[in-house]
Amino acid sequence: MRTRFSPSPTGYFHVGGARSVLYNWFLARQAPGGVLILRIEDTDRERHGEEHVDGIRRAITWLGLDWDEEYRQSERAELYATAAARLFGDGNAYYCSCTREEIDARKKPGDPQGGYDRFCRDRGLPPEGNALRFRVPPGKTVVEDKVRGVVEFDNDNIQDFVIQRADGSALFILANVVDDIEMRITHVVRGEEHLPNTAPYELLWAALGGGTLPVFAHLSVIVDDKRRKISKRRDGDLVVLERYALEGYLPSAMCNYLALLGWSPGENREIVPLDEMVQLFRLDDLNSSSAFFDVKKLRAFNGEYIRALSVDEFIAACEPWANLSREVAPEVQTRVEVLSDVPGLVDWLAAPVEVTTPWPDNSAAMLEGCTAAFETCPWDHDGVKDAIEAVGQANGLKLGKAQAPIRLAVMGKPQGLPITTIALLP
RNA sequence: GGUCCCAUCGUCUAGAGGCCUAGGACACCACCCUCUCAAGGUGGCGACACGGGUUCGAAUCCCGUUGGGACUGCCA
């Protein structure tokens with residue numbers, strides 16, 4: 001079992017990518033000897049800077065996942081050039097001088113393929129200054145996919161695709177196939193958008209004598225509320241994994257939620273620990289329809305995971321947002337869904353608050369009464385509660401109403417932590 | 001335009017011809033618990049896109065329609 005994940009370091013790590021690594025990681029960790037390779041597509045120096053590559057590593061690590069080997073597409077140019085030369089030598093590829101404009105100009109409205117018309121196929125052009133195109137053979141190409149089943153492509157509908165630029169550099173498809181053969185990849189799990197490219201991939205694979213094809217699984221896309229593949233342009237930071245780290249989502253909750261987008265552990269179960277998901281995961285159980293990324297459900301999952309934490313774990317997790325004592329932490333824990341909500345609950349413990357909401361009736365009486373009562377009452381949970389209750393009774397109020405003005409005065413908000421936590425104040 | 005993919009509650013899903021009066025989860029609503037807010041508990045609302053077949057029987061198989069999506073670069 002050798003699987004690989006190929007992110008393109010474009011400045012942020014996509015939640016769709018996160019799901020892909022997760023599934024690849026499940027596969028690699030299922031059996032001993034499994035290998036997950038991080039294949040970094042970094043050929044564009046402008047866009048794929050070193051900091052972006054680091055960002056990918058950080059994101060995967062944050063998720064709690066790891067990988068066994070790593071390499072970069074940019075460092076393997078020679079391999080690709082050799083493969084390209086071989087393809088040309090074997091007659092499986094030919095050089096082409098056509099520009100995009102020329103191709104478009106020749107295109108007719110009813111053409112079966114929206115692309116290239118094989119104009120240079122038999123012109124015997126030399127390598128110099130020309131791009132190398134793959135000579136697509138006649139026939140059909142069958143893709144066996146774990147989630148789509150058998151998908152058949154008529155080769156007449158596949159254009160002679162470019163595999164090497166005029167400057168000698170390889171295109172993604174060539175690099176990809178060469179690498180997968182060389183790395184002896186056995187499973188390719190990636191987004192549905194790659195499904196149409198799988199036919200060319202197989203054609204190249206065969207031409208290069210790759211042997212047994214990998215097992216394919218094309219994951220359905222993750223969509224937004226308009227049912228379109230989520231994208232940074234349209235959906236902003238909704239797609240950016242780092243945003244969820246910053247907002248205080250737990251990686252465990254994120255993994256769990258992501259795993260459920262297109263897969264189910266069965267038996268009506270949803271909250272399942274990572275190591276158990278590894279055991280349960282099967283490519284055959286993947287669902288083929290697109291899934292909406294529902295932040296509300298993610299939040300709910302996150303709340304569950306937060307509540308499942310031990311007090312010490314919770315305090316540690318809150319570190320970047322607030323310092324919690326062991327006394328307040330449990331009270332806070334059941335009241336937040338994301339860690340960034342923590343400060344809003346405990347800010348009054350550290351600094352004086354400002355009251356912006358209108359005071360309830362009887363506030364003056366309650367406040368005065370309690371100020372006096374607090375002087376003498378035992379300064380603990382029960383003491384405070386009894387004191388407020390007593391003063392409330394004197395004013396004809398039940399505890400529910402009686403505590404309101406006190407809460408407002410102390411916390412600055414009409415709701416929040418139990419009023420008795422004020423006993424923790426010095 | 002061409003090729004390909006997809007279609008169960010609002011959302012994520014279970015469902016491999018009878019176990020389906022279609023199950024679970026999130027969201028929503030109600031009630032209980034309760035010092036507010038949560039958490040927790042109980043209950044409720046709510047779906048097989050449509051039309052034809054096949055079959056004793058279809059959410060499940062086939063065909064068509066409609067709707068959605070992806071791909072269609074000398075990007076990765």
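A note on names: the letters A, B, ... follow the listed sequences, proteins ahead of strands, and every chain is numbered from 1. This structure is a prediction, so every number in the text was calculated from the model and none was measured. What you see below is based on every heavy atom in this structure, not just the backbone, and it leaves out hydrogens, waters and symmetry mates.
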In whole Å, measure the gap between the [atom1] atoms of [N] and [M] for me.
N     : M     : atom1 : answer
B:U21 : B:A38 : P     : 39 Å
B:U13 : B:G2  : P     : 30 Å
B:C26 : B:G17 : P     : 30 Å
B:C28 : B:C35 : P     : 25 Å
B:A25 : B:G15 : C1'   : 16 Å
B:C45 : B:C6  : C1'   : 28 Å

Aromatic ring pairing [X]/[Y], orientation class (parallel under 30°, perpendicular over 60°, tilted between):
X      : Y      : value
A:F161 : A:F134 : parallel
A:Y12  : A:H14  : tilted
A:Y23  : A:F26  : tilted

query = Does the ring centre of A:Y257 sit less than 6.0 Å away from the ring centre of A:Y249?
reply = no
query = What does B:U55 pair with, Watson-Crick or G-U, if both distances are under 3.5 Å?
reply = none
task = Would you mind pulling out the nucleotide paired to B:A30, Watson-Crick or G-U wobble, both distances under 3.5 Å?
result = B:U42
Sub-3.5 Å pairs of nitrogen or oxygen atoms, protein against nucleotides 37-43 of chain B:
from, atom 1, to, atom 2, distance (Å)
B:C37, O2, A:R335, NH1, 2.7
B:C37, O2, A:G416, O, 3.2
B:C37, N3, A:R335, NH1, 2.2
B:A38, O2', A:T334, O, 2.5
B:A38, N3, A:T334, OG1, 3.4
B:A39, O4', A:T334, O, 3.4
B:A39, O3', A:R307, NH1, 3.4
B:G40, OP1, A:R307, NH1, 3.2

All N/O contacts under 3.5 Å from nucleotides 74-76 of chain B to the protein, with atom names and distances to one decimal?
from, atom 1, to, atom 2, distance (Å)
B:C74, OP1, A:R100, NH1, 3.4
B:C74, O2, A:A166, N, 3.1
B:C74, N4, A:C98, O, 3.4
B:C75, OP2, A:R165, NE, 2.5
B:C75, OP2, A:R165, NH2, 3.0
B:C75, O3', A:R165, NH2, 3.0
B:A76, OP1, A:R165, NH2, 2.3
B:A76, OP2, A:R165, NH2, 3.1
B:A76, OP2, A:F172, N, 3.3
B:A76, O2', A:S8, OG, 3.0
B:A76, O2', A:E41, OE1, 2.3

Under-4.0 Å side-chain N/O to phosphate OP1/OP2 contact, A:K229 with B:A70 = no
request  = Respond yes when some side-chain nitrogen or oxygen of A:R148 is under 4.0 Å from OP1 or OP2 of B:G69, and no when none is.
outcome  = no
query = With respect to the side chain of A:A291, which nucleotide from B:C12, B:C35, B:C4 is positioned closest?
reply = B:C12
task = Flag the pair A:C370 / A:I388 as yes when at least one side-chain heavy-atom distance between them is below 4.5 Å, and no otherwise.
result = yes
Close N/O contacts between protein and nucleotides 14-22 of chain B (under 3.5 Å):
from, atom 1, to, atom 2, distance (Å)
B:A14, OP2, A:N287, ND2, 3.0

